[in-house]
Number of protein chains: 2
Amino acid sequence: MATIKDVAVLAGVSVATVSRVINERGYVHADTRKKVEEAVKQLNFSPNEVARSLYKRKSKLIGLLLPDIANPYFPQLARGVEDRMQEQDFRLIFGNSDEDEEKEQDYIQTFIQNNVVGVISSTNYPHSPIYENLKIPVVFLDRTPLDSPSVYADGREGGRLAAREIIRRGSQRIAVMQGPVHIRPAQDRFEGAVEMIRQAGLDYHVVQTTSFSFNEAALWAEELFSKHSETDGVIASNDIAATAVLHEALRIGRKVPEELQIIGFDDIPLSSLLSPALSTIRQPAYEMGREAAGLLIKLIEQAPIDQKNIQMPVEFIERGTTRKVNANG
Amino acid sequence: MATIKDVAVLAGVSVATVSRVINERGYVHADTRKKVEEAVKQLNFSPNEVARSLYKRKSKLIGLLLPDIANPYFPQLARGVEDRMQEQDFRLIFGNSDEDEEKEQDYIQTFIQNNVVGVISSTNYPHSPIYENLKIPVVFLDRTPLDSPSVYADGREGGRLAAREIIRRGSQRIAVMQGPVHIRPAQDRFEGAVEMIRQAGLDYHVVQTTSFSFNEAALWAEELFSKHSETDGVIASNDIAATAVLHEALRIGRKVPEELQIIGFDDIPLSSLLSPALSTIRQPAYEMGREAAGLLIKLIEQAPIDQKNIQMPVEFIERGTTRKVNANG
DNA sequence: TTGTAGGCGTTATCAC
DNA sequence: GTGATAACGCCTACAA
């Protein structure tokens, strides 16, 4: 790799002058500029970001920490973040935390060691000292405290929405899947759903789940139907769980949506391709990623922020696992 | 952030000594070591990787370039790469290329500017000069040339396998979806499938697709059935396409697998949760990611390599979109 | 308008 | 065993 010095020598100027032209800072004569630019081109020079980062004590790097990119909800978030960051020439150092506090700390630690200028984190431990002591801006994504900058969907409202829509369409004995207790948004949804069901004076039962993994989803689906065979409506903890429930329901011969309605959460891309297609509460994952990135960029640039907690709207996506509602409601 | 200098002052030694203890290199007296270690702890010091990287002209950073993390096949690959890299304390700078050669070059460029020590790339342009001129090791992933280190699944064999299994189960009028022409593995699968179908003396038709996107998948599925309504077997270009085909087939009342069999490609996590569950040709994405990472690490450490092209096995996963085969074959 | 020189935080080469 | 000190490649006072 050519260095600024090589360019300086070839152009017959000093490194300071080269620096000036590549950074477009300070005065430099048009002729010298041209000479330098030619040397740059000829040597195919591009500045060493590491040296820059060392000198300026800040890089063009952002840390992105997600629980598990293999969970279908997160790739969209990640993509949103990446697209926005890339527009501003920021690059992402990426890590999976597996919701493990120690792993998370290790990542944050190495982020810092690499001079990242900001962090986006989807964590269950936003109040960990590692974040509180951070001297660079952090935006919490999806799983989020209100005292720090964050982007999240309204889980509670999502829960209410799910319950409202499923009740409105006639379900009476509803199973609510309670997602992992340590995941706030999952609990928000759960609470919202329960709140609405109670308000409607209906009975419900709870199926407790402890992760969002694929394999276990199938087990919980089985458990649901074996323990609560009279269920005529399921509010799943997310689309994966919902897909598993749908799968199991069809397997044991339930008619969906005639006898059993199902509502998921997230609206992952595959939901619309299921048969029947999955009705769900959509969270705009991609947009959330973009928003988080945009917010972080503002924070980094110390631009004015209109709101540091950005709540994104949830939305009921009506598809095939819920019945049509009468025109008269 | 505390620097090595702060530690040196606090411990009452020189920076050289501190460097020795944190790198466990050279002689240092037990007592001095203890003093230094205490200072390190007290100041919560951790070395600045940027400074290290500048001096040593190499970092602990790896560049990972994928077409689109939002495409369900890639998160698994990414996860495999990440897990393996993390074991060795390498971090990932991650980018989506959208199969755009220019975007790809930009990323490679910034990878280099950040002193990455290796690159893993899933690209359609492995012969681009940007790779050929790279002075650091590259492992091509999934989409891959044979003259460079690579990890890939045997697409052609996968295609054959899909055709063999669908024929064996009685499909006679097979539709083969030809994936995007610029994506090699997609073409390999296609060719393998066609080869086997021809060999069996059966007729087939081709449905051309130009991307692996969700939205378009539905369109191609429609096209397939409107143009070739007599089809009794579909070899899809991947699981997304297969899911769309399944969705459409059920929508128009085809009985799957009785009247119509479908085989996908990849075995993405959701495939087993479809109804009926999707029969598919599995590529071990996670393991491929791990292998690629392992190979790259060896390359970086200049360890001996037994083979620079690692072909991973494909496998027919029999589920519900294909019929059971008789015991007598 | 341009050049010199010091420093960003580390590591490694020498002396001592 | 330990400590100066010169790099690594870049940027920015400051001087010229």
Side-chain angles (χ1 to χ4, degrees), chain A residues 1-37 39-40 43-61 89 109-117 135-136, chain B residues 1-37 39-40 43-61 89 109-117 135-136:
Chain A
M1 284 293 86
T3 74
I4 198 174
K5 204 168 183 175
D6 301 327
V7 176
V9 171
L10 181 60
V13 298
S14 74
V15 293
T17 303
V18 177
S19 179
R20 283 189 199 97
V21 353
I22 63 180
N23 291 299
E24 299 174 344
R25 199 187 316 286
Y27 299 103
V28 37
H29 192 93
D31 295 350
T32 8
R33 156 166 296 120
K34 187 163 293 172
K35 277 193 300 182
V36 172
E37 280 165 350
V40 165
L43 293 172
N44 193 20
F45 166 81
S46 68
N48 181 324
E49 283 296 335
V50 176
R52 273 190 174 168
S53 172
L54 179 60
Y55 178 82
K56 303 174 112 175
R57 280 122 144 213
K58 59 190 216 187
S59 65
K60 294 292 278 179
L61 260 20
D89 290 329
Q109 174 69 22
T110 58
F111 288 168
I112 295 171
Q113 293 185 58
N114 282 287
N115 268 6
V116 303
V117 283
K135 285 175 208 67
I136 52 174
Chain B
M1 284 293 86
T3 74
I4 198 174
K5 205 167 183 177
D6 301 326
V7 176
V9 171
L10 181 58
V13 297
S14 76
V15 293
T17 302
V18 177
S19 180
R20 282 192 198 97
V21 352
I22 63 180
N23 291 299
E24 298 174 345
R25 199 188 315 288
Y27 299 102
V28 35
H29 192 93
D31 295 351
T32 16
R33 156 166 295 121
K34 188 162 293 173
K35 276 194 301 183
V36 171
E37 279 166 351
V40 164
L43 294 172
N44 192 20
F45 167 80
S46 69
N48 181 324
E49 283 296 335
V50 176
R52 274 189 173 166
S53 172
L54 179 61
Y55 181 82
K56 303 175 116 176
R57 279 124 142 205
K58 59 188 215 188
S59 65
K60 295 292 280 179
L61 262 20
D89 290 330
Q109 173 71 21
T110 59
F111 287 168
I112 295 171
Q113 293 185 62
N114 283 286
N115 269 5
V116 303
V117 283
K135 285 175 209 67
I136 52 174

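Letters A, B, ... mirror the listed sequences (proteins, then strands); counts begin at 1.
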Nearest-0.5 Å distance, CD1 of residue B:Ile136 to CD1 of residue B:Ile112: 6.0 Å
Please report the distance, rounded to the nearest Å, between CE in B:Met1 and C1' in C:dG9. 13 Å
Heavy-atom check, side chain of B:Phe45 versus side chain of B:Asp6, under 4.5 Å: no
Nearest-0.5 Å distance that lies between atom CD in B:Glu24 and atom OG in B:Ser19: 11.5 Å
By side chain to side chain donor-acceptor pair (under 3.5 Å) - contacts of A:Asn114 (at least two apart): none
Using only side-chain N and O atoms of A:Asn23, determine if any of them is under 4.0 Å from OP1 or OP2 of D:dC11. yes
Whole Å only: how far is the CD atom of B:Glu49 from the C1' atom of C:dT11? 12 Å
Flag yes if more than 12 heavy atoms outside A:Lys60 fall under 6.0 Å of its NZ atom; otherwise flag no. yes
Can you tell me if A:Ser19 touches the phosphate of D:dC11, counting only side-chain N or O atoms and a distance under 4.0 Å to OP1 or OP2? yes
Is there any protein nitrogen or oxygen under 3.5 Å from a nitrogen or oxygen in nucleotides 3-5 of chain D, and what are the pairs?
from  : atom 1 : to      : atom 2 : distance (Å)
D:dG3 : OP2    : B:Ser14 : N      : 3.0
D:dG3 : OP2    : B:Ser14 : OG     : 3.3
D:dG3 : OP2    : B:Thr17 : OG1    : 2.5
D:dG3 : N7     : B:Arg20 : NH2    : 3.2
D:dG3 : O6     : B:Arg20 : NH2    : 2.5

Where along residues 51-58 of chain A does a heavy atom fall under 4.0 Å from DNA chain C? A:Leu54, A:Tyr55, A:Arg57
First locate atom CG of B:Leu43, then atom CE of B:Met1, and finally report the distance between them rounded to the nearest 0.5 Å. 10.0 Å
Is any side-chain heavy atom of A:Val18 closer than 4.5 Å to a side-chain heavy atom of A:Val13? yes
Interatomic distance where CG belongs to A:Asn48 and C1' belongs to C:dC8 [whole Å]: 13 Å
To the nearest Å, how far apart are A:Ile4 CD1 and C:dT4 C1'? 14 Å
Among residues at least two apart in sequence or on other chains, which ones pass salt bridge (charged side-chain N to carboxylate O under 4.0 Å, His left out) with B:Arg52? B:Glu49
To the nearest 0.5 Å, how far apart are OG1 in B:Thr3 and CG in B:Asn48? 9.5 Å
Comparing A:Gly26 and B:Ile22 on DNA chain C - which has the more 5′ nearest nucleotide: A:Gly26
Five pairs per end, C1' atoms only: what is the angle between the end axes of the helix from C:dT1-D:dA16 to C:dC16-D:dG1, to 10 degrees? 50°
What is the distance, to the nearest angstrom, from the CZ atom on B:Arg25 to the P atom on C:dT13? 10 Å
Between C:dC14 (P) and B:Tyr27 (OH): distance, integer Å: 17 Å
I need the CZ-C1' distance between A:Arg33 and C:dT2, as an integer number of Å. 13 Å
Round to a whole Å and report the spacing from NZ of A:Lys60 to C1' of D:dC10. 16 Å
Counting distance only, does the side-chain N/O of B:Ser59 pair as donor-acceptor with the main-chain N or O of B:Ser53 below 3.5 Å? no
Residues 26-33 of chain A, side-chain donor-acceptor partners within the protein, below 3.5 Å, at least two apart:
from    : atom 1 : to      : atom 2 : distance (Å)
A:Thr32 : OG1    : A:His29 : N      : 3.4
A:Thr32 : OG1    : A:His29 : O      : 2.9

Is there side-chain contact between B:Val117 and B:Lys58, with at least one heavy-atom pair below 4.5 Å? yes
Would you kindly compare B:Ala30 and A:Ala2 by the position of their nearest DNA chain D nucleotide and give the one closer to the 5′ end? B:Ala30
